[in-house]
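Worth saying up front: this structure is predicted, and the values here are computed from it rather than measured.
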Amino acid sequence: MNQVGTLKMKSRKDKSKHSALTPVRCIRGVICLVVLILTAFVMLVFLGFISAVVLRLFSIHYSRRVTSMVFASWLALWPLLFEKINKTRVIFSGETVLTKERVLLFANHRTEVDWMYIWDLALRKGSLGYIKYVLKRSLMKLPIFGWAFHILEFIPVQRKWDLDEPIMHQMLSTLQDPRDSLWLAIFPEGTDFTEQKCIRGQKYAAEHGLPILKNVLLPKTKGFFACMEKLRISLDAVLDVTIGYKPCCPSFLDNVFGLNPSEVHIHIRHLSVGDIPSSEDEVGSWLMNTFRLKDELLSEFYSTGHFPNEGTEEELCTMKCLVNLVGVLAITSICTFLTFFSSLWIIKLYVLLVCVYLAFATKYNYRPPIFSHLCKCFRNPNMKQARD
């Protein structure tokens, strides 16, 4: 059977493996989604604004540290949903990831929620609050979640390099401080895998003498190279992550309602920065060969049902997850009461003004300058002119 026929048969087979949406799953999923949205709003308005905006006026480094602690507690709710509520098994394999490393992480983009499962790895490594993504700019328009992406300094791109290059270089230049913990995740394929995209990619590869890939798309080099070029001297490692799902790839709503997947397999290669070439052409060849190896690894996964060398990470501690959940819910309850039921009008005004600011800052990718920089500019007009 040819590759097109194989892909179509696999797609039909996967669709038949979804779990049924029972009333219990539906009610549970709606409750979880409401909790996630409400807690996100409260953490953003009452804590995130202070840590990521007000504190940033005095120190970017300490602002990031506090912001990471605040949002790590909220982001940890997602692995709780996946692993404890939905009972999805997240199985890690390959090489062990060290804690307290500044890393650039790149992965295959199998579905729209791959990036969420990277939180499960970051949580185990104590780096959940420091993770940042290169993601589609359209996702910044999501209500509330888009504000969170901005506060956490995700890098928005439009997948047009002439537009993305200045934004990426500007934001990457602010992530070079080795004192700041960092997990920067990028998906070199540029979009999630679909049958149609794979067929188009195979046709392009055949015409240009490139590897014919069945389980991943052809990677794009420029974004990955820009990350390496800007961050190379401040990185400790590069993580090559390959993600596979059983029985089939989930959507966002599959995750919310616990319909799919039953297992998520995450394979990790821990690379030293010196393993990555320095020139753009060499990086392009290296990345293409790496995705060829990913394709072979995924073929083996679909054949055997697992990646080699499983069991590199332990399961999440249920008690820690519950303590974190209680803490987040307590803060959310208090702040919600003060907002809607308190007679203090100043709190309602504060919430309104913060919402206006976050909407503006997210739309225009705005971050306030540091007071010390402003003072230097005022004391030295020539410096201000040079900066302009």
Side-chain angles (χ1 to χ4, degrees), residues 29-81 115-116 119 128-133 135-156 171 174 252 256 321-371 374:
V30 170
I31 292 173
C32 288
L33 187 58
V34 170
V35 168
L36 287 166
I37 293 173
L38 182 58
T39 52
F41 179 81
V42 168
M43 301 298 271
L44 278 166
V45 171
F46 287 93
L47 300 178
F49 176 78
I50 294 173
S51 66
V53 179
V54 178
L55 187 55
R56 189 184 179 93
L57 295 172
F58 304 94
S59 170
I60 293 179
H61 173 65
Y62 288 107
S63 170
R64 284 174 174 162
R65 289 188 62 178
V66 176
T67 300
S68 72
M69 290 187 290
V70 169
F71 282 94
S73 61
W74 178 74
L75 290 173
L77 299 181
W78 291 92
L80 170 65
L81 170 64
W115 56 288
M116 290 183 165
W119 289 335
L128 188 56
Y130 295 105
I131 194 164
K132 308 179 191 306
Y133 295 89
L135 82 170
K136 290 190 298 184
R137 187 173 184 82
S138 59
L139 294 177
M140 303 296 286
K141 298 178 182 179
L142 291 173
I144 301 179
F145 292 135
W147 298 353
F149 298 159
H150 174 77
I151 289 292
L152 291 169
E153 298 180 273
F154 290 11
I155 302 176
M171 293 197 68
T174 67
F252 175 74
V256 171
C321 291
L322 291 177
V323 169
N324 179 73
L325 173 64
V326 170
V328 172
L329 290 178
I331 293 172
T332 301
S333 300
I334 294 170
C335 294
T336 302
F337 175 81
L338 292 175
T339 302
F340 294 103
F341 303 105
S342 171
S343 60
L344 298 175
W345 62 269
I346 192 68
I347 296 179
K348 295 180 175 60
L349 179 61
Y350 167 81
V351 171
L352 176 61
L353 292 177
V354 169
C355 289
V356 171
Y357 170 83
L358 290 175
F360 169 84
T362 301
K363 181 175 181 179
Y364 296 103
N365 198 26
Y366 171 79
R367 288 177 178 82
I370 303 176
F371 273 152
L374 287 176

Side-chain polar contacts of residues 141-150 - donor-acceptor pairs under 3.5 angstrom, sequence neighbours left out - could you list them?
{"unit_1": "His150", "atom_1": "NE2", "unit_2": "Tyr366", "atom_2": "O", "d": "2.9"}

Which atom pairs, one a donor and one an acceptor, fall under 3.5 Å between side chains of residues 35-54 and the rest of the protein, sequence neighbours left out?
{"unit_1": "Thr39", "atom_1": "OG1", "unit_2": "Val35", "atom_2": "O", "d": "2.6"}
{"unit_1": "Thr39", "atom_1": "OG1", "unit_2": "Leu36", "atom_2": "O", "d": "3.1"}
{"unit_1": "Thr39", "atom_1": "OG1", "unit_2": "Trp74", "atom_2": "NE1", "d": "3.1"}
{"unit_1": "Ser51", "atom_1": "OG", "unit_2": "Leu47", "atom_2": "O", "d": "3.3"}
{"unit_1": "Ser51", "atom_1": "OG", "unit_2": "Gly48", "atom_2": "O", "d": "3.3"}
{"unit_1": "Ser51", "atom_1": "OG", "unit_2": "Thr67", "atom_2": "OG1", "d": "3.0"}

Under 3.5 Å, sequence neighbours excluded: what are the donor-acceptor pairs made by side chains of residues 341-348?
{"unit_1": "Ser342", "atom_1": "OG", "unit_2": "Leu344", "atom_2": "N", "d": "3.1"}
{"unit_1": "Lys348", "atom_1": "NZ", "unit_2": "Thr339", "atom_2": "O", "d": "3.3"}
{"unit_1": "Lys348", "atom_1": "NZ", "unit_2": "Ser342", "atom_2": "O", "d": "2.6"}

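One finds the CZ atom of Phe58 at 11.0 Å from the CD1 atom of Ile370 (value rounded to the nearest 0.5 Å). Of the inter-residue distances, the one linking Leu128 atom CG with Ser73 atom OG reads 9.0 Å to the nearest 0.5 angstrom.
Residues in residues 36-64 take part in these salt bridge (Lys or Arg N to Asp or Glu O under 4.0 Å) pairs, two or more places apart or across chains: Arg56-Glu153, Arg64-Glu153, Arg64-Asp180. Sequence neighbours left out, not one pair with a member in residues 36-48 passes salt bridge (Lys or Arg N to Asp or Glu O under 4.0 Å). Listed by first and then second residue, the salt bridge (Lys or Arg N to Asp or Glu O under 4.0 Å) pairs that reach into residues 29-41 come to none, sequence neighbours excluded.
Pairing each heavy atom of Cys321 with each of Leu80, the nearest pair is CB-CD1, 3.8 Å. The shortest heavy-atom contact between Leu57 and Pro369 is CD2-O, 3.4 Å. Of all the heavy atoms in Thr362 and Leu358, the pair that sits closest is OG1-O, 2.7 Å. The shortest heavy-atom contact between Leu81 and Cys32 is CD1-SG, 3.8 Å. Nearest approach of Leu152 to Lys132, heavy atoms of both residues: O-NZ, 3.2 Å.
Note: Trp115 and Tyr133 have perpendicular aromatic rings, judged against thresholds of 30 and 60 degrees for the angle between ring planes.
Contact of the Ile60 side chain with the Thr174 side chain is not registered, since no non-hydrogen atoms from C-beta on lie closer than 4.5 Å. Counting heavy atoms from C-beta outward, Arg65 and Tyr130 have side chains that approach closer than 4.5 Å.
More than 12 heavy-atom neighbours from other residues, nucleotides or ligands sit within 6.0 angstrom of CZ on Phe252.
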